[in-house]
Amino acid sequence: MTRLSGDADAMALALQLAERGLYTTDPNPRVGCVIVRDGTCIGQGWHERAGEPHAEVHALRAAGSAARGATAYVTLEPCCHHGRTPPCTDALIAAGIARVVAAMPDPNPLVSGCGLEALRGAGIATEVGLMQAQAEKLNPGFISRMCRGRPFVRVKLAASLDGRTAMDSGESKWITGESARADVQRLRARSSAVLTGIGTVRADDPSLTVRAFDIGRQPLRIVVDSMLGTAATARVLAAPGQALVVSAGGDAGHARRLQQTGAEVLCLPHPGGKVDLAGLMRHLAGRGINEVLVEAGPTLSGALLAAGLVDELVIYLAPHLMGTQARGMFMLPGLAHMRDRVALEIRDVRAVGEDWRIVAAVQGGSAPVTDGQG
(Lines give C-alpha, C1' and ligand atoms only; values in the text may rest on other atoms or scores of the structure.)
Protein backbone atom coordinates (compact mmCIF):
# COMPACT_ATOMS: atom_id res chain seq x y z
CA MET A 1 0.00 0.00 0.00
CA THR A 2 1.18 3.51 -0.84
CA ARG A 3 2.14 5.80 2.03
CA LEU A 4 1.14 9.45 1.55
CA SER A 5 2.56 12.37 3.53
CA GLY A 6 -0.52 14.58 3.49
CA ASP A 7 -3.46 16.04 1.61
CA ALA A 8 -1.37 17.42 -1.26
CA ASP A 9 0.28 14.03 -1.90
CA ALA A 10 -3.09 12.30 -1.94
CA MET A 11 -4.63 14.81 -4.33
CA ALA A 12 -1.59 14.66 -6.61
CA LEU A 13 -2.09 10.91 -6.87
CA ALA A 14 -5.79 11.40 -7.61
CA LEU A 15 -4.89 13.83 -10.42
CA GLN A 16 -2.46 11.30 -11.90
CA LEU A 17 -5.22 8.72 -11.87
CA ALA A 18 -7.69 11.11 -13.51
CA GLU A 19 -5.28 11.66 -16.37
CA ARG A 20 -5.51 7.98 -17.26
CA GLY A 21 -8.98 8.72 -18.59
CA LEU A 22 -7.72 11.50 -20.88
CA TYR A 23 -8.78 9.71 -24.07
CA THR A 24 -11.72 7.62 -22.94
CA THR A 25 -14.18 9.38 -20.62
CA ASP A 26 -15.78 11.67 -23.20
CA PRO A 27 -18.30 13.28 -22.80
CA ASN A 28 -17.81 12.89 -19.06
CA PRO A 29 -15.04 14.67 -17.14
CA ARG A 30 -11.74 12.98 -16.26
CA VAL A 31 -11.84 12.21 -12.54
CA GLY A 32 -9.58 10.38 -10.11
CA CYS A 33 -10.16 9.33 -6.51
CA VAL A 34 -7.94 8.10 -3.67
CA ILE A 35 -9.13 6.68 -0.33
CA VAL A 36 -6.67 7.28 2.53
CA ARG A 37 -6.69 5.91 6.07
CA ASP A 38 -3.95 6.71 8.61
CA GLY A 39 -1.68 8.07 5.89
CA THR A 40 -1.99 4.97 3.68
CA CYS A 41 -3.76 4.73 0.35
CA ILE A 42 -6.24 1.88 0.75
CA GLY A 43 -8.16 2.37 -2.49
CA GLN A 44 -7.83 4.23 -5.75
CA GLY A 45 -9.63 4.54 -9.04
CA TRP A 46 -10.47 6.73 -11.99
CA HIS A 47 -13.42 7.17 -14.31
CA GLU A 48 -12.52 5.08 -17.33
CA ARG A 49 -15.46 5.38 -19.72
CA ALA A 50 -18.86 7.07 -19.90
CA GLY A 51 -21.60 4.79 -18.63
CA GLU A 52 -19.19 2.86 -16.41
CA PRO A 53 -18.59 3.38 -12.64
CA HIS A 54 -17.16 6.71 -11.55
CA ALA A 55 -13.79 7.14 -9.88
CA GLU A 56 -15.22 7.12 -6.35
CA VAL A 57 -16.95 3.78 -6.91
CA HIS A 58 -13.75 2.12 -8.17
CA ALA A 59 -11.78 3.48 -5.20
CA LEU A 60 -14.41 2.43 -2.66
CA ARG A 61 -14.55 -1.09 -4.09
CA ALA A 62 -10.77 -1.35 -3.76
CA ALA A 63 -10.88 -0.07 -0.16
CA GLY A 64 -13.74 -2.33 0.93
CA SER A 65 -14.80 -2.12 4.55
CA ALA A 66 -11.61 -0.22 5.44
CA ALA A 67 -13.19 2.87 3.83
CA ARG A 68 -15.25 3.49 6.99
CA GLY A 69 -13.78 6.51 8.75
CA ALA A 70 -11.31 7.22 5.91
CA THR A 71 -10.78 10.32 3.76
CA ALA A 72 -11.66 10.42 0.05
CA TYR A 73 -9.67 12.70 -2.22
CA VAL A 74 -11.45 13.33 -5.50
CA THR A 75 -10.49 15.68 -8.34
CA LEU A 76 -14.08 16.81 -8.92
CA GLU A 77 -17.00 17.33 -6.57
CA PRO A 78 -18.86 13.99 -6.28
CA CYS A 79 -22.05 13.80 -8.33
CA CYS A 80 -25.40 13.74 -6.53
CA HIS A 81 -27.80 13.00 -9.39
CA HIS A 82 -28.87 9.88 -11.26
CA GLY A 83 -27.38 9.75 -14.74
CA ARG A 84 -26.22 6.53 -16.38
CA THR A 85 -24.83 5.59 -12.96
CA PRO A 86 -26.09 6.19 -9.39
CA PRO A 87 -24.91 9.23 -7.37
CA CYS A 88 -21.39 8.98 -6.00
CA THR A 89 -22.49 10.87 -2.90
CA ASP A 90 -24.72 7.91 -1.98
CA ALA A 91 -21.79 5.50 -2.36
CA LEU A 92 -19.49 7.65 -0.20
CA ILE A 93 -22.14 7.99 2.51
CA ALA A 94 -22.95 4.27 2.49
CA ALA A 95 -19.25 3.39 2.76
CA GLY A 96 -18.91 5.47 5.93
CA ILE A 97 -16.36 7.94 4.55
CA ALA A 98 -15.60 10.54 7.24
CA ARG A 99 -14.06 13.31 5.10
CA VAL A 100 -14.11 14.28 1.43
CA VAL A 101 -11.55 16.61 -0.12
CA ALA A 102 -12.50 17.79 -3.64
CA ALA A 103 -10.10 19.65 -5.90
CA MET A 104 -12.86 21.69 -7.54
CA PRO A 105 -16.62 22.14 -7.53
CA ASP A 106 -18.51 20.51 -10.37
CA PRO A 107 -19.53 23.15 -12.97
CA ASN A 108 -22.48 21.00 -14.03
CA PRO A 109 -25.62 22.84 -12.83
CA LEU A 110 -27.10 19.47 -11.85
CA VAL A 111 -24.34 19.03 -9.30
CA SER A 112 -22.64 22.36 -8.57
CA GLY A 113 -22.40 22.62 -4.78
CA CYS A 114 -25.18 20.11 -4.22
CA GLY A 115 -22.83 17.13 -4.02
CA LEU A 116 -20.81 18.66 -1.21
CA GLU A 117 -24.00 19.81 0.51
CA ALA A 118 -25.38 16.26 0.43
CA LEU A 119 -22.19 14.96 2.02
CA ARG A 120 -22.25 17.61 4.74
CA GLY A 121 -25.89 16.78 5.41
CA ALA A 122 -24.81 13.20 6.10
CA GLY A 123 -22.22 14.39 8.62
CA ILE A 124 -19.19 14.10 6.32
CA ALA A 125 -16.55 16.82 6.60
CA THR A 126 -15.85 18.43 3.23
CA GLU A 127 -13.18 20.67 1.75
CA VAL A 128 -12.85 22.04 -1.79
CA GLY A 129 -10.12 23.88 -3.69
CA LEU A 130 -6.99 21.80 -3.09
CA MET A 131 -4.97 21.83 -6.36
CA GLN A 132 -7.96 23.28 -8.20
CA ALA A 133 -5.91 24.77 -11.05
CA GLN A 134 -4.39 21.38 -11.85
CA ALA A 135 -7.82 19.75 -11.79
CA GLU A 136 -9.24 22.39 -14.13
CA LYS A 137 -6.46 21.77 -16.65
CA LEU A 138 -7.62 18.17 -16.98
CA ASN A 139 -11.12 19.16 -18.07
CA PRO A 140 -11.06 22.42 -20.06
CA GLY A 141 -13.77 21.21 -22.43
CA PHE A 142 -16.19 19.99 -19.78
CA ILE A 143 -15.80 23.24 -17.86
CA SER A 144 -16.23 25.32 -21.02
CA ARG A 145 -19.34 23.42 -22.07
CA MET A 146 -20.94 23.79 -18.66
CA CYS A 147 -19.93 27.42 -18.00
CA ARG A 148 -19.89 28.99 -21.49
CA GLY A 149 -22.23 26.79 -23.48
CA ARG A 150 -19.57 25.91 -26.04
CA PRO A 151 -16.66 23.48 -26.31
CA PHE A 152 -13.02 24.28 -25.66
CA VAL A 153 -11.50 24.97 -29.10
CA ARG A 154 -7.89 24.09 -29.83
CA VAL A 155 -6.39 25.03 -33.21
CA LYS A 156 -3.51 22.87 -34.41
CA LEU A 157 -1.14 24.29 -37.02
CA ALA A 158 1.95 22.90 -38.73
CA ALA A 159 4.13 25.66 -40.12
CA SER A 160 7.58 26.46 -41.36
CA LEU A 161 9.82 28.74 -39.31
CA ASP A 162 8.60 31.67 -41.42
CA GLY A 163 4.99 30.86 -40.49
CA ARG A 164 3.83 29.17 -43.70
CA THR A 165 1.36 26.30 -43.66
CA ALA A 166 1.27 25.32 -47.35
CA MET A 167 2.87 26.22 -50.64
CA ASP A 168 0.99 28.60 -52.92
CA SER A 169 -0.22 25.54 -54.86
CA GLY A 170 -1.76 24.11 -51.68
CA GLU A 171 0.90 21.42 -51.23
CA SER A 172 1.51 20.80 -47.53
CA LYS A 173 2.73 17.20 -47.05
CA TRP A 174 4.76 17.03 -45.00
CA ILE A 175 5.76 20.24 -43.25
CA THR A 176 6.61 18.61 -39.94
CA GLY A 177 8.29 15.33 -39.07
CA GLU A 178 6.94 12.01 -37.86
CA SER A 179 7.24 12.88 -34.15
CA ALA A 180 5.07 15.97 -34.54
CA ARG A 181 2.49 14.02 -36.53
CA ALA A 182 2.41 11.37 -33.80
CA ASP A 183 1.89 14.13 -31.23
CA VAL A 184 -1.14 15.31 -33.21
CA GLN A 185 -2.60 11.83 -32.84
CA ARG A 186 -2.62 12.41 -29.08
CA LEU A 187 -4.46 15.69 -29.58
CA ARG A 188 -7.05 13.94 -31.73
CA ALA A 189 -7.41 11.13 -29.21
CA ARG A 190 -8.30 13.51 -26.36
CA SER A 191 -10.76 15.49 -28.50
CA SER A 192 -14.50 15.00 -28.77
CA ALA A 193 -14.46 16.29 -32.35
CA VAL A 194 -12.00 17.19 -35.11
CA LEU A 195 -13.05 20.12 -37.30
CA THR A 196 -11.80 21.09 -40.74
CA GLY A 197 -12.93 23.10 -43.76
CA ILE A 198 -13.88 22.22 -47.31
CA GLY A 199 -10.60 23.67 -48.57
CA THR A 200 -8.57 21.17 -46.57
CA VAL A 201 -10.86 18.31 -47.64
CA ARG A 202 -10.35 19.20 -51.31
CA ALA A 203 -6.60 19.76 -51.01
CA ASP A 204 -5.60 16.86 -48.73
CA ASP A 205 -8.59 14.47 -48.56
CA PRO A 206 -7.82 13.67 -44.89
CA SER A 207 -9.54 10.99 -42.82
CA LEU A 208 -9.04 12.89 -39.50
CA THR A 209 -9.17 9.67 -37.50
CA VAL A 210 -7.26 8.47 -34.45
CA ARG A 211 -4.96 5.73 -35.71
CA ALA A 212 -2.14 5.52 -33.17
CA PHE A 213 -4.28 4.65 -30.13
CA ASP A 214 -7.05 2.16 -29.47
CA ILE A 215 -9.37 4.35 -27.43
CA GLY A 216 -12.61 2.56 -28.24
CA ARG A 217 -14.10 5.50 -30.14
CA GLN A 218 -13.46 7.98 -32.93
CA PRO A 219 -13.96 11.73 -32.48
CA LEU A 220 -16.80 13.28 -34.44
CA ARG A 221 -15.40 14.58 -37.75
CA ILE A 222 -16.81 17.96 -38.81
CA VAL A 223 -16.47 19.65 -42.20
CA VAL A 224 -17.41 23.32 -42.45
CA ASP A 225 -18.64 23.58 -46.03
CA SER A 226 -20.68 26.70 -46.77
CA MET A 227 -21.96 25.69 -50.21
CA LEU A 228 -22.05 21.93 -49.64
CA GLY A 229 -19.24 21.02 -52.00
CA THR A 230 -17.90 17.98 -50.10
CA ALA A 231 -17.60 14.99 -52.43
CA ALA A 232 -19.54 11.91 -51.39
CA THR A 233 -16.31 9.95 -51.89
CA ALA A 234 -14.28 12.06 -49.44
CA ARG A 235 -12.24 9.99 -46.98
CA VAL A 236 -13.51 12.05 -44.06
CA LEU A 237 -16.98 10.60 -44.72
CA ALA A 238 -15.86 7.02 -45.30
CA ALA A 239 -13.63 6.68 -42.22
CA PRO A 240 -14.91 4.85 -39.11
CA GLY A 241 -17.10 6.89 -36.79
CA GLN A 242 -19.54 9.71 -37.41
CA ALA A 243 -19.08 12.62 -39.83
CA LEU A 244 -20.95 15.93 -39.79
CA VAL A 245 -21.05 18.33 -42.76
CA VAL A 246 -22.13 21.85 -41.80
CA SER A 247 -23.33 24.16 -44.54
CA ALA A 248 -25.02 27.49 -45.07
CA GLY A 249 -27.16 26.14 -47.91
CA GLY A 250 -26.38 24.28 -51.11
CA ASP A 251 -28.02 21.63 -53.25
CA ALA A 252 -30.60 19.53 -51.41
CA GLY A 253 -29.98 16.59 -53.73
CA HIS A 254 -26.29 16.58 -52.88
CA ALA A 255 -27.16 16.81 -49.20
CA ARG A 256 -29.14 13.58 -49.58
CA ARG A 257 -26.19 11.92 -51.34
CA LEU A 258 -23.95 12.87 -48.44
CA GLN A 259 -26.48 11.50 -45.98
CA GLN A 260 -26.53 8.22 -47.90
CA THR A 261 -22.85 7.79 -47.00
CA GLY A 262 -23.88 7.86 -43.32
CA ALA A 263 -22.88 11.49 -42.78
CA GLU A 264 -25.06 13.98 -40.97
CA VAL A 265 -25.77 17.25 -42.79
CA LEU A 266 -26.57 20.37 -40.78
CA CYS A 267 -27.52 23.76 -42.22
CA LEU A 268 -26.48 26.73 -40.05
CA PRO A 269 -26.57 29.83 -42.28
CA HIS A 270 -25.05 33.16 -41.34
CA PRO A 271 -25.36 36.48 -43.22
CA GLY A 272 -22.99 36.57 -46.17
CA GLY A 273 -23.49 32.94 -47.12
CA LYS A 274 -21.14 31.60 -44.45
CA VAL A 275 -21.65 29.02 -41.73
CA ASP A 276 -22.70 30.37 -38.33
CA LEU A 277 -19.60 29.31 -36.41
CA ALA A 278 -20.87 30.49 -33.01
CA GLY A 279 -24.11 28.64 -33.67
CA LEU A 280 -22.12 25.55 -34.57
CA MET A 281 -20.28 25.68 -31.25
CA ARG A 282 -23.57 25.98 -29.36
CA HIS A 283 -24.90 23.01 -31.33
CA LEU A 284 -21.82 20.93 -30.48
CA ALA A 285 -22.12 21.77 -26.78
CA GLY A 286 -25.73 20.60 -26.93
CA ARG A 287 -24.62 17.18 -28.13
CA GLY A 288 -21.98 16.78 -25.41
CA ILE A 289 -18.86 17.85 -27.30
CA ASN A 290 -16.19 18.98 -24.82
CA GLU A 291 -12.99 19.60 -26.81
CA VAL A 292 -12.75 20.47 -30.52
CA LEU A 293 -9.48 20.13 -32.38
CA VAL A 294 -9.33 22.34 -35.46
CA GLU A 295 -7.14 21.10 -38.31
CA ALA A 296 -7.91 23.59 -41.04
CA GLY A 297 -6.41 26.13 -43.39
CA PRO A 298 -5.91 29.86 -42.79
CA THR A 299 -9.45 30.86 -43.86
CA LEU A 300 -11.40 28.79 -41.34
CA SER A 301 -8.75 29.10 -38.63
CA GLY A 302 -8.78 32.87 -39.08
CA ALA A 303 -12.58 33.03 -39.04
CA LEU A 304 -12.73 31.10 -35.76
CA LEU A 305 -10.06 33.31 -34.24
CA ALA A 306 -11.78 36.50 -35.41
CA ALA A 307 -15.07 35.26 -33.96
CA GLY A 308 -13.48 34.81 -30.53
CA LEU A 309 -14.02 31.05 -30.61
CA VAL A 310 -10.43 29.86 -30.17
CA ASP A 311 -9.04 29.09 -26.71
CA GLU A 312 -5.68 27.54 -27.49
CA LEU A 313 -3.17 27.32 -30.33
CA VAL A 314 -0.86 24.35 -30.74
CA ILE A 315 1.73 25.30 -33.35
CA TYR A 316 4.37 22.90 -34.65
CA LEU A 317 7.25 24.84 -36.21
CA ALA A 318 9.47 22.98 -38.67
CA PRO A 319 13.13 23.96 -39.26
CA HIS A 320 12.77 25.24 -42.80
CA LEU A 321 11.57 28.28 -44.78
CA MET A 322 8.83 28.21 -47.41
CA GLY A 323 8.95 31.75 -48.78
CA THR A 324 6.62 34.72 -49.06
CA GLN A 325 4.32 33.15 -51.67
CA ALA A 326 3.41 30.26 -49.39
CA ARG A 327 0.21 30.40 -47.33
CA GLY A 328 0.13 31.81 -43.81
CA MET A 329 -1.43 30.52 -40.60
CA PHE A 330 -4.47 32.78 -40.34
CA MET A 331 -6.45 34.95 -42.71
CA LEU A 332 -7.20 37.94 -40.50
CA PRO A 333 -8.34 40.90 -42.60
CA GLY A 334 -8.63 44.35 -41.08
CA LEU A 335 -5.69 44.33 -38.67
CA ALA A 336 -4.61 47.86 -39.53
CA HIS A 337 -3.12 48.92 -36.19
CA MET A 338 -0.94 47.41 -33.49
CA ARG A 339 -3.89 47.63 -31.10
CA ASP A 340 -5.76 45.17 -33.33
CA ARG A 341 -3.29 42.39 -32.65
CA VAL A 342 -4.54 39.10 -31.22
CA ALA A 343 -2.88 38.75 -27.83
CA LEU A 344 -1.47 35.35 -26.88
CA GLU A 345 0.14 33.90 -23.78
CA ILE A 346 2.81 31.28 -24.38
CA ARG A 347 2.15 28.36 -22.04
CA ASP A 348 4.61 25.76 -23.26
CA VAL A 349 7.52 25.45 -25.70
CA ARG A 350 9.31 22.17 -26.30
CA ALA A 351 11.06 20.12 -28.95
CA VAL A 352 9.03 17.36 -30.61
CA GLY A 353 11.45 15.38 -32.71
CA GLU A 354 13.08 17.76 -35.15
CA ASP A 355 10.31 20.36 -34.74
CA TRP A 356 9.25 22.77 -32.00
CA ARG A 357 5.79 22.80 -30.42
CA ILE A 358 4.39 26.05 -29.05
CA VAL A 359 1.21 26.05 -26.96
CA ALA A 360 -0.40 29.47 -26.56
CA ALA A 361 -3.56 30.64 -24.85
CA VAL A 362 -5.67 33.15 -26.73
CA GLN A 363 -6.11 36.08 -24.37
CA GLY A 364 -9.63 36.97 -23.34
CA GLY A 365 -10.86 33.39 -23.02
CA SER A 366 -12.13 32.17 -19.66
CA ALA A 367 -11.66 28.43 -20.08
CA PRO A 368 -8.70 26.67 -18.46
CA VAL A 369 -5.87 26.13 -20.94
CA THR A 370 -3.82 22.95 -21.11
CA ASP A 371 -0.14 22.54 -21.88
CA GLY A 372 -0.90 20.63 -25.06
CA GLN A 373 0.31 17.30 -23.78
CA GLY A 374 -1.61 14.14 -24.46
Side-chain angles (χ1 to χ4, degrees), residues 2-36 39 41 43-48 54-56 58-59 71-79 88 92 99-108 111-113 115-116 119 126-148 151-154 183 186-187 189-192 290-291 293 311-314 344-350 357-363 365-374:
T2 304
R3 291 288 299 175
L4 300 167
S5 62
D7 288 352
D9 268 7
M11 188 60 76
L13 177 56
L15 288 165
Q16 291 173 14
L17 292 166
E19 194 170 6
R20 296 187 186 183
L22 189 67
Y23 303 146
T24 59
T25 64
D26 199 75
N28 289 354
R30 299 129 183 167
V31 182
C33 180
V34 172
I35 309 294
V36 176
C41 174
Q44 62 183 43
W46 68 95
H47 183 43
E48 299 174 21
H54 289 186
E56 297 93 323
H58 284 300
T71 296
Y73 297 85
V74 60
T75 59
L76 183 71
E77 176 184 1
C79 66
C88 290
L92 291 164
R99 176 175 173 244
V100 172
V101 180
M104 60 174 288
D106 192 330
N108 185 343
V111 179
S112 188
L116 294 171
L119 295 172
T126 65
E127 299 172 31
V128 64
L130 177 64
M131 304 180 78
Q132 180 165 338
Q134 294 91 322
E136 289 176 346
K137 283 178 64 177
L138 277 174
N139 291 296
F142 182 76
I143 295 169
S144 179
R145 178 162 64 89
M146 291 298 167
C147 296
R148 303 189 298 175
F152 181 91
V153 178
R154 176 183 290 113
D183 200 56
R186 287 189 280 273
L187 293 179
R190 68 173 291 163
S191 301
S192 312
N290 289 331
E291 296 182 26
L293 177 65
D311 299 298
E312 182 178 274
L313 304 179
V314 180
L344 307 175
E345 179 185 345
I346 303 298
R347 294 291 180 89
D348 186 71
V349 180
R350 69 183 62 197
R357 186 186 70 192
I358 300 173
V359 179
V362 179
Q363 295 297 284
S366 58
V369 178
T370 71
D371 61 6
Q373 297 183 70

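If you're wondering where the values come from, they're calculated on a predicted model, not measured in any experiment.
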Quick one: closest heavy-atom pair of [X] and [Y], and the distance?
X	Y	result
H54	C79	ND1-SG, 3.6 Å
V34	C41	CG1-SG, 3.7 Å
R190	L138	NH2-O, 4.3 Å
W46	G21	CD1-N, 4.0 Å
P29	F142	CD-CE1, 3.7 Å
P78	L92	CG-CD1, 3.7 Å

Is the side chain of S191 donor-acceptor paired with the backbone N or O of L187 at a distance under 3.5 Å, no angle test?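 Yes; at least one donor-acceptor contact below 3.5 Å.
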Side chain D311, main chain R154, donor-acceptor under 3.5 Å: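 Side chain of D311 to backbone of R154: no pair is present.
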Start with the C-alpha gap between R186 and Y23, add the side-chain angles, then the distance that decides, and say whether side chain to side chain contact (heavy atoms under 4.5 Å, CB included) holds. CA-CA 8 Å; R186 287 189 280 273; Y23 303 146; 3.4 Å; yes
Considering residues at least two apart in sequence or located in another chain, which fulfil the side chain to side chain contact (heavy atoms under 4.5 Å, CB included) criterion with Q132?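 Here the qualifying residues are M104, P105, E136.
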Taking side chain to side chain contact (heavy atoms under 4.5 Å, CB included) as the test, write out the residues that go with A12, two or more places apart.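 By the side chain to side chain contact (heavy atoms under 4.5 Å, CB included) rule, A12 matches M131.
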Is any side-chain heavy atom of I358 closer than 4.5 Å to one of I346?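 Side chain of I346 against side chain of I358, heavy atoms only: contact under 4.5 Å found.
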Identified side chain to side chain contact (heavy atoms under 4.5 Å, CB included) partner of D106 from the options L76, N139, V128, L116: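 Of the listed residues L76, N139, V128, L116, the side chain to side chain contact (heavy atoms under 4.5 Å, CB included) partner of D106 is L76.
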Test of understanding: with salt bridge (Lys or Arg N to Asp or Glu O under 4.0 Å), list the residues that count as partners of R20, not counting sequence neighbours.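 By the salt bridge (Lys or Arg N to Asp or Glu O under 4.0 Å) rule, R20 matches no residue at all.
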Quick check for you: to the nearest 0.5 Å, what is the distance between [X] atom [atom1] and [Y] atom [atom2]?
X	Y	atom1	atom2	result
M11	T75	CE	OG1	7.5 Å
C33	Y73	SG	OH	11.0 Å
L22	R30	CG	CZ	4.5 Å
S192	R145	OG	CZ	7.5 Å
L17	H58	CG	NE2	11.0 Å
L344	Q363	CG	CD	7.5 Å

Verify salt bridge (charged side-chain N to carboxylate O under 4.0 Å, His left out) between D183 and R350, making sure each step is shown before the conclusion. CA-CA 12 Å; D183 200 56; R350 69 183 62 197; over 6 Å; no
